[in-house]
Student: 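Here you go, one structure.
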Amino acid sequence: MLAVVGRKHAGKTTLVTKLSAELTRRGRRVMILKHGSHTFNLDPSGTDTYRHYHEGNAARVAMVSPDKFAFVSRTAEELSPEAVVDRYLADADLVLCEGFKRSAMPKLEIFRTAAHATALYPDDAPTPVTWRAMVSDVPVAGFGGRQFAIADGDRHIGELCNWIEEEFL
């Protein structure tokens, strides 16, 4: 498990998507776990599964099609990323977790000066010891982990994937 963290609009989703695509191209089985700070709906109001879950108050709703499977379950409390991976994603080579900055898992932060004046690390890093790497358009002073410069043409994606394979796979 590797958490990709950063401030809002830093580029977390874009980075996770590109890392997943490249690692998958390299033959790795990658799964993604996204942290949301609020509730969500996987399907629009009025669909059968929406009605089953919201109007029928079903504890769990699953939908199966020829190429996809979706599962929504009510929980009394938010599951930890480790619990979700253990229950549902255990057959992955790597689970990229978007968010979860408060977790104990190793972290890769993306920081772009066009989006924010400062990185999460160190002042807004709840567990700075878990920060393992930084992807940024400027060097982050005082950061002792690996630093990767955001490069034109996504050259940094290959370098990041090499590091991920060495460190986690």
Side-chain angles (χ1 to χ4, degrees), residues 1-45 47-111 115 119-121 124-135 145-146 148 157 160-169:
M1 294 173 65
L2 174 64
V4 176
V5 300
R7 297 188 187 278
K8 190 171 187 169
H9 302 298
K12 296 180 298 293
T13 299
T14 299
L15 181 59
V16 167
T17 301
K18 289 179 179 182
L19 291 174
S20 179
E22 175 59 19
L23 289 165
T24 299
R25 187 193 67 73
R26 294 180 182 199
R28 304 298 185 165
R29 185 171 168 88
V30 178
M31 298 182 190
I32 298 171
L33 175 58
K34 165 99 171 110
H35 184 252
S37 57
H38 50 78
T39 194
F40 61 91
N41 290 320
L42 291 177
D43 51 2
S45 177
T47 61
D48 292 349
T49 52
Y50 179 95
R51 292 187 63 212
H52 296 318
Y53 188 79
H54 294 280
E55 294 173 27
N57 292 315
R60 295 181 182 139
V61 175
M63 172 101 177
V64 178
S65 72
D67 64 338
K68 293 182 212 166
F69 167 75
F71 180 80
V72 179
S73 177
R74 296 182 192 282
T75 61
E77 59 187 35
E78 184 174 335
L79 297 173
S80 72
E82 294 84 1
V84 173
V85 170
D86 285 347
R87 291 180 197 174
Y88 306 108
L89 308 175
D91 57 335
D93 292 331
L94 176 71
V95 178
L96 292 171
C97 301
E98 183 178 331
F100 300 102
K101 70 181 178 185
R102 291 182 184 0
S103 75
M105 76 180 93
K107 291 171 190 64
L108 162 66
E109 181 176 351
I110 181 165
F111 166 60
L120 288 172
Y121 184 89
D124 294 326
T127 52
V129 69
T130 62
W131 257 245
R132 300 280 303 278
M134 185 73 64
V135 179
R146 283 289 301 269
F148 297 89
I157 298 300
L160 273 165
C161 288
N162 291 342
W163 174 76
I164 289 170
E165 287 183 320
E166 290 168 10
E167 292 290 316
F168 301 97
L169 302 171

Student: Treating Arg102 as the side-chain partner and Pro126 as the backbone partner, does any N or O pair qualify as donor plus acceptor under 3.5 Å?
Tutor: no
Student: Return the set of residues passing side chain to side chain contact (heavy atoms under 4.5 Å, CB included) with Ser80 (not counting sequence neighbours), or none when no residue passes.
Tutor: Glu82, Ala83
Student: Does Glu165 reach the side chain of Arg28, with side-chain heavy atoms less than 4.5 Å apart?
Tutor: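 They are in side-chain contact.
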Student: Closer than 3.5 angstrom, by distance alone: can the side chain of Arg60 be matched with the main-chain N or O of Arg74 as a donor-acceptor pair?
Tutor: no
Student: For Pro81 versus Ser103, what's the shortest heavy-atom pair and its separation?
Tutor: CG-CB, 4.3 Å
Student: Under a plain distance cut-off of 3.5 Å, with no hydrogens placed, do Thr14 and Thr17 share a side-chain donor-acceptor pair?
Tutor: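 Result is no, nothing qualifies.
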Student: Hey, could you give me the NE2/CD1 distance between His9 and Ile110, rounded to the nearest 0.5 Å?
Tutor: 13.5 Å
Student: So, Arg146 and Glu167, do they make that salt bridge, N to O below 4.0 Å?
Tutor: no
Student: Answer yes or no: are there more than 12 heavy-atom neighbours, outside Met31 itself, under 6.0 Å from its atom CE?
Tutor: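 More than 12 heavy atoms, drawn from other residues, nucleotides or ligands, come within 6.0 Å of this atom.
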Student: Which class fits the ring pair Phe168 and Trp163: parallel under 30°, tilted 30 to 60°, perpendicular over 60°?
Tutor: perpendicular
Student: Okay, side chain of Lys12, backbone of Glu98: is any donor-acceptor separation there less than 3.5 Å?
Tutor: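 Not confirmed, Lys12 side chain does not pair with Glu98 backbone.
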Student: Once rounded to the nearest 0.5 Å, what's the spacing between atom CG of Leu19 and atom SG of Cys161?
Tutor: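 So the gap between those two atoms works out to 5.0 Å.
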Student: Where do Cys97 and His35 land on the side-chain contact (heavy atoms from CB on, under 4.5 Å) test, with the steps shown first?
Tutor: CA-CA 7 Å; Cys97 301; His35 184 252; over 6 Å; no
Student: Any side-chain heavy atom of Ile157 sitting closer than 4.5 Å to one from Leu15?
Tutor: yes
Student: One thing to verify: whether Asp124 and Arg7 come together as a salt bridge, which I'm taking to mean a side-chain N less than 4.0 angstrom from a carboxylate O.
Tutor: yes
Student: Is a side-chain donor or acceptor of Thr75 paired with a backbone partner of Glu77 at a separation under 3.5 angstrom?
Tutor: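 Yes, Thr75 side chain to Glu77 backbone: donor-acceptor pair under 3.5 Å.
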Student: List the steps, then state whether side-chain contact (heavy atoms from CB on, under 4.5 Å) holds for Leu108 with Trp131.
Tutor: CA-CA 6 Å; Leu108 162 66; Trp131 257 245; over 6 Å; no
Student: Please answer whether the main-chain N or O of Thr130 pairs with a side-chain N or O of Thr127 as donor and acceptor at a distance below 3.5 Å.
Tutor: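 Checked: no pair found.
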Student: Can a donor-acceptor pair be found, under 3.5 Å and without considering hydrogens, that links the side chain of Lys107 to the backbone of Gly99?
Tutor: no
Student: Any carboxylate oxygen within less than 4.0 angstrom of a Lys/Arg side-chain nitrogen, looking at Glu22 and Lys18?
Tutor: no
Student: Kindly indicate, with the supporting measurements, whether the criterion side-chain contact (heavy atoms from CB on, under 4.5 Å) is fulfilled by Phe100 and Lys34.
Tutor: CA-CA 8 Å; Phe100 300 102; Lys34 165 99 171 110; over 6 Å; no
Student: Can you tell if the side chain of Asp93 reaches within under 4.5 Å of the side chain of Val30, non-hydrogen atoms only?
Tutor: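 Counting from C-beta outward, Asp93 and Val30 never come under 4.5 Å.
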Student: Mind running side-chain contact (heavy atoms from CB on, under 4.5 Å) on His52 and Asn57 for me, showing each step along the way?
Tutor: CA-CA 7 Å; His52 296 318; Asn57 292 315; over 6 Å; no
Student: With a 4.5 Å heavy-atom cut-off, do Val95 and Ile32 have their side chains touching?
Tutor: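 Of all side-chain heavy-atom pairs linking Ile32 with Val95, none is under 4.5 Å.
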Student: Counting N and O atoms only, with roles assigned by atom type, does the side chain of Glu109 sit under 3.5 Å from a partner on the main chain of Tyr121, one being a donor and the other an acceptor?
Tutor: yes
